[in-house]
Amino acid sequence: MLFIFLAGFSTYFIQSGSFDRVLDEATGREVVIPGSFRQIEDVNVSLSAMLLAIPADHR
């Protein structure tokens, strides 16, 4: 539970973002393109969403 609250509260301090990815033909895995980070709309988790995080995953 401590880690769920820590992750949830960190959404208020860490900016949301995304990286572009490309498929690596040699390994068959998606890899991050260096320098492609961009900020996206900030999404903060509510207290109720944090409390319901575990039961919601077990449905």
Side-chain angles (χ1 to χ4, degrees):
M1 290 291 290
L2 176 66
F3 289 112
I4 291 173
F5 286 116
L6 181 63
F9 287 124
S10 69
T11 64
Y12 290 92
F13 304 107
I14 300 173
Q15 182 67 13
S16 299
S18 178
F19 286 94
D20 292 329
R21 298 172 187 263
V22 66
L23 183 63
D24 182 7
E25 298 293 330
T27 62
R29 297 173 56 187
E30 284 189 357
V31 294
V32 172
I33 299 172
S36 66
F37 180 80
R38 64 183 179 281
Q39 292 183 348
I40 59 174
E41 181 181 349
D42 200 22
V43 178
N44 297 325
V45 179
S46 66
L47 180 60
S48 63
M50 283 186 259
L51 294 173
L52 296 174
I54 293 176
D57 286 341
H58 293 289
R59 290 184 183 183

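Small disclaimer: the values here were computed from a predicted structure and weren't measured.
Heavy atoms only, all atoms of each residue included: D20 and R38 are closest at OD1-NH1, 2.6 Å.
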All N/O donor-acceptor pairs, side-chain side in residues 40-54, below 3.5 Å, sequence neighbours left out:
residue	atom	partner	partner atom	Å
D42	OD1	S16	OG	3.0
S46	OG	S48	OG	3.2
S46	OG	A49	N	3.2

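Listed by first and then second residue, the ring pair (Phe, Tyr, Trp, His ring centres under 6.0 Å) pairs that reach into residues 5-47 are F19-F37, sequence neighbours excluded.
Enclosure of atom CZ in R29 is not indicated, since only 12 or fewer non-hydrogen atoms of other residues, nucleotides or ligands lie within 6.0 angstrom.
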